Chemist: 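Please find one structure pasted underneath; my questions will follow.
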Amino acid sequence: MPRVVESSTELRQKLLRAGQVGLVPTMGYLHEGHATLIRRARAKCDTVVVSVFVNPRQFGANEDLGRYPRDLDRDLRVAGEAGADLLFHPDVDTMYPPGYATTVSVGGVSGPPEGTSRPGHFDGVATVVLKLFNLVQPHRAYFGEKDWQQLAVVRRMVGDLNVPVEVVGVPTVREASGLALSSRNSYLTDEQRGRAVILSRALGAVQEAALSGELDTARLRQAGLDVLGQDPEVDLDYLTVVDGDMRERGRVENDPMTRVLVAARMFGVRLIDNLPLWPEGDPA
Ligand code: PAF
């Protein structure tokens, strides 16, 4: 079992002579996607720290902060089985003590699509991630590609602010059905999860169109929209094809950074997912 550490002083003390440190930042309710990140860190680092902190600053006023799933026993079990050494579990006052007044705001890649739908979200993410980097001082930090734009924001921040951390992006882990793993899937029943697979099917349709040679963004989008239109439960926020700088252009480039991103509400739950149009190594 990993050791639970709640204070920054104890964290620093536990990390003395820790060698190469890997950090897996999470909001808890760990699943196989997180376990994959932890195993990647375990394979490369001497000490693996998993942070579990439901960061209030990245939730909008009408979002699910209050009901976000929490289960520390489950987190300890999953983190332990995957090879974590320490579980950093600060409370809100430890991260944002009275008088706290600083926000990290990353330009450019924090905008559309996700940043427009969730104003302030990436300020909250960048702020907490930089704080975690300063507290843990990891050599490497592991993030899932499922939150593709978040990964772009963290990379931009690390580059712009010369943060001495290697950011490692890890491919999305999916259920056999194709549904991307997410702590928020726990809000759905089995039947609803079955219906939510439509999001990854839509992304697959866009990828297939690209692999067949379609480069026109509007037509690529339409391939995905045709799939999403098959289920009236899909309340679409966006389906967009973007380059590595999160820009939507009229035509796409055959480049591993070109991605199709989707966000939709189904059964009252906001779900996101993405796929590369040309998976690495596929010349199309
Ligand atoms: O991806 C998440 O779980 C969160 O956004 C993160 C990176 C842990 C920051 O709170």
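Remember, predicted model here, so these are calculated numbers, not experimental data. In listed order, ligands and their atoms are each counted from 1.
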Chemist: Parallel, tilted or perpendicular for Phe143 and Phe133, by the 30°/60° rule?
Modeler: perpendicular
Chemist: Show me which atoms of ligand 1 lie under 4.0 Å from any heavy atom of Pro25.
Modeler: 8 (C)
Chemist: In terms of atom number and element, which parts of ligand 1 are under 4.0 angstrom from non-hydrogen atoms of Val128?
Modeler: 9 (C), 10 (O)
Chemist: Can you list the steps and then say if Tyr238 with Glu114 is a side chain to side chain donor-acceptor pair (under 3.5 Å)?
Modeler: CA-CA 9 Å; Tyr238 57 77; Glu114 190 71 1; 2.4 Å; yes
Chemist: Please could you name the atoms of ligand 1 that Thr26 approaches to less than 4.0 Å, counting only its heavy atoms?
Modeler: 8 (C)
Chemist: Closest non-hydrogen protein atom to atom 10 (O) of ligand 1, residue and atom name please, with distance?
Modeler: Gln58 OE1, 2.6 Å
Chemist: More than 12 heavy atoms of other residues, nucleotides or ligands under 6.0 Å from CD of Glu208: yes or no?
Modeler: no
Chemist: Just distances here: any N/O of Asn55 and N/O of ligand 1 closer than 3.5 Å?
Modeler: no
Chemist: For atom 1 (O) of ligand 1, what's the nearest protein heavy atom and its distance?
Modeler: Gln150 NE2, 2.8 Å
Chemist: Heavy-atom distances under 4.0 Å are what count here, so tell me which part of Val154 touches ligand 1: side chain, backbone, both or neither.
Modeler: neither
Chemist: Should we count CD of Glu32 as having more than 12 external heavy atoms under 6.0 Å?
Modeler: yes
Chemist: So His34 and His31, would you call those rings parallel, tilted or perpendicular, with 30° and 60° as cut-offs?
Modeler: tilted
Chemist: Are there more than 12 heavy atoms of other residues, nucleotides or ligands under 6.0 Å from atom NZ of Lys14?
Modeler: yes
